[in-house]
Amino acid sequence: MINFVTRFAPSPTGYLHLGHAFSALTAYHAARAVGGRFLLRIEDIDEGRCRPEFEDAIYEDLEWLGLQWETPTRLQSTHFNDYAAALEQLREKNVVYRCFKTRKETADEIARAPHLPPDGPEGPQYFGAPLTPMEERSRLTRGDAYAWRLSIAAARDFLGPAFERLSFIEEGLGPNGEIGFVKAKPEIFGDPVIARKDLGTSYHLASVFDDAVQGITHVIRGQDLFYAAHLHRLLQTLLDLPEPIYRHHRLMKDKNGRRFSKRDQSITLRAQREAGVKPSDIRHSFDFR
Ligand code: GLU
């Protein structure tokens, strides 16, 4: 039997819109075309931003669109322990460090640097360092909050030449026409936060872990996440997780050429449905039957 498993992984922070419909249909049809499997994952680690009513709406809207997925659906909010265990593995390898700095403190530090670092996918690249054990102990005793950052320098040391060989296969298209063999450059993120102060994990860690647990062979998602694959390949390698194939798809744009956004209520699937649009109209508008 063919081993093709893909997923749609929305965050329940708003109603699904036409951009999500395109993404979900792209993954669904890719699986159907080869007799593969299509899974759903609810990325709800950010409990401050996610709402149960948006989760319910995801199921309702995807069913309305005509999609079927395997159950049970994986809910990230029920797997915080797994992500903590993955973080522990990274700690054992000494490739992460505690960062007590506030956003403002890192921004000020970047501004003070002799050369302004380039922007990465998540803002200016920030390369930090752990505190001395004594400083760290005193901050911990004070109960100060900290995030965990992945140290690119430590990861490079840990992996040796394998760091330079990190790569992935892009079967879709990156925003700059990247296709086929892509050399992964995780350093474009600086030292990324992989466990947030408030959550104990991050999108990157949870997503990479779950793709492996769910046996995802093909990560199909929007081009806005193309650069995340550079970092995800490093995390997969450090955590001994399998390498999926990537297919990043183009992003749907509105009439003015802007990306569909959660703020635009008119393009939510609910608004479309209320306006009398049929699921088949949406599928056909994207060239899906
Ligand atoms: N949860 C992410 C989003 O809604 C998608 C993550 C992924 O597909 O890797 O944008």
Side-chain angles (χ1 to χ4, degrees), residues 7-13 23 41-50 74-77 79-99 101 103 106 119-128 146-156 158-159 163 166-168 170 174-175 182 184-214 216 218-248:
R7 82 313 192 265
F8 176 55
S11 301
T13 54
S23 201
R41 176 164 84 228
I42 304 293
E43 299 211 326
D44 57 350
I45 51 171
D46 194 339
E47 287 170 322
R49 292 179 60 226
C50 297
R74 187 167 173 92
L75 285 186
Q76 290 196 322
S77 58
H79 292 282
F80 280 110
N81 289 347
D82 290 342
Y83 311 136
L87 177 63
E88 192 54 38
Q89 281 187 50
L90 297 174
R91 285 186 64 188
E92 280 162 16
K93 292 178 171 148
N94 272 317
V95 291
V96 289
Y97 62 90
R98 288 187 180 89
C99 177
K101 293 194 168 75
R103 232 176 243 272
T106 38
D119 264 359
E122 294 178 345
Q125 290 174 2
Y126 173 78
F127 294 98
Y146 57 86
W148 286 97
R149 284 185 188 269
L150 181 67
S151 163
I152 291 294
R156 195 178 252 128
F158 181 82
L159 291 178
F163 185 94
L166 290 170
S167 65
F168 60 96
E170 176 59 58
V182 181
K185 297 195 188 93
E187 63 275 18
I188 56 176
F189 282 83
D191 284 350
V193 169
I194 54 143
R196 278 168 44 174
K197 277 183 190 172
D198 55 338
L199 302 180
T201 185
S202 62
Y203 155 65
H204 300 296
L205 188 59
S207 178
V208 155
F209 183 86
D210 282 357
D211 280 337
V213 169
Q214 291 190 290
I216 302 300
H218 291 71
V219 171
I220 302 177
R221 63 185 176 198
Q223 255 172 13
D224 52 330
L225 287 167
F226 172 79
Y227 291 104
H230 289 250
L231 172 58
H232 294 184
R233 285 295 301 121
L234 173 58
L235 286 172
Q236 286 152 3
T237 306
L238 291 168
L239 293 167
D240 297 317
L241 302 175
E243 173 184 352
I245 287 171
Y246 289 89
R247 278 191 202 174
H248 292 95

Check: K101 side chain, A147 main-chain N or O, donor-acceptor pair, under 3.5 Å
no

Do the side chains of E170 and R247 get close enough for a salt bridge, i.e. N-O under 4.0 angstrom?
no

side-chain contact (heavy atoms from CB on, under 4.5 Å) assessment of L238 paired with V95:
CA-CA 9 Å; L238 291 168; V95 291; 4.1 Å; yes

Under 4.5 Å between any side-chain heavy atoms of D46 and R196, yes or no?
yes

One thing to verify: whether R74 and D82 come together as a salt bridge, which I'm taking to mean a side-chain N less than 4.0 angstrom from a carboxylate O.
yes

Rounded to the nearest 0.5 Å, how far apart are CG of L235 and CG of L150?
6.0 Å

Between F8 and I220, is any pair of side-chain heavy atoms under 4.5 Å apart?
no

Between D44 and R49, does at least one N-O distance fall below 4.0 Å, as a salt bridge requires?
no

Take E122 and Y227 through the side-chain contact (heavy atoms from CB on, under 4.5 Å) test and state the conclusion after the steps.
CA-CA 10 Å; E122 294 178 345; Y227 291 104; over 6 Å; no

Could you state the interatomic distance from CD (Q223) to OG (S23), rounded to the nearest 0.5 Å?
11.0 Å

Aromatic plane relationship, W148 with Y146 - under 30° parallel, 30 to 60° tilted, over 60° perpendicular:
perpendicular

Donor-acceptor under 3.5 Å (Q236 side chain, L241 main chain):
no

What's the verdict on side-chain contact (heavy atoms from CB on, under 4.5 Å) for L159 and L234, showing C-alpha distance, side-chain angles and the deciding distance?
CA-CA 9 Å; L159 291 178; L234 173 58; 3.6 Å; yes

Any residue meeting salt bridge (Lys or Arg N to Asp or Glu O under 4.0 Å) with R149, in chain and number order, not counting sequence neighbours
none

In terms of side-chain geometry, is the basic nitrogen of D210 or R7 positioned less than 4.0 Å from the acidic oxygen of its partner?
no

For K185, does the NZ atom sit with more than 12 other heavy atoms under 6.0 Å from it, leaving out its own atoms?
no

Do E88 and Y83 make a side-chain contact, defined as non-hydrogen atoms from C-beta onward lying under 4.5 Å apart?
no

Flag the pair I45 / S77 as yes when at least one side-chain heavy-atom distance between them is below 4.5 Å, and no otherwise.
no

Within the structure provided, determine whether P192 and L231 are in side-chain contact (heavy-atom separation under 4.5 Å).
yes

For the pair F168 and H230, evaluate side-chain contact (heavy atoms from CB on, under 4.5 Å) and give the outcome as yes or no after the intermediate values.
CA-CA 8 Å; F168 60 96; H230 289 250; 3.8 Å; yes

Measure the CD-OG distance between E43 and S207 for me, rounded to the nearest 0.5 Å.
5.0 Å

Within the 4.5 Å heavy-atom criterion, are L205 and L90 side-chain neighbours or not?
yes

Taking the six-membered ring where the residue is Trp, are the ring centres of Y203 and H232 under 6.0 Å apart?
yes

Under 6.0 Å between ring centres, would you say that holds for F189 and H204?
yes

Side-chain donor or acceptor of D211 paired with backbone N/O of I216 under 3.5 Å
no

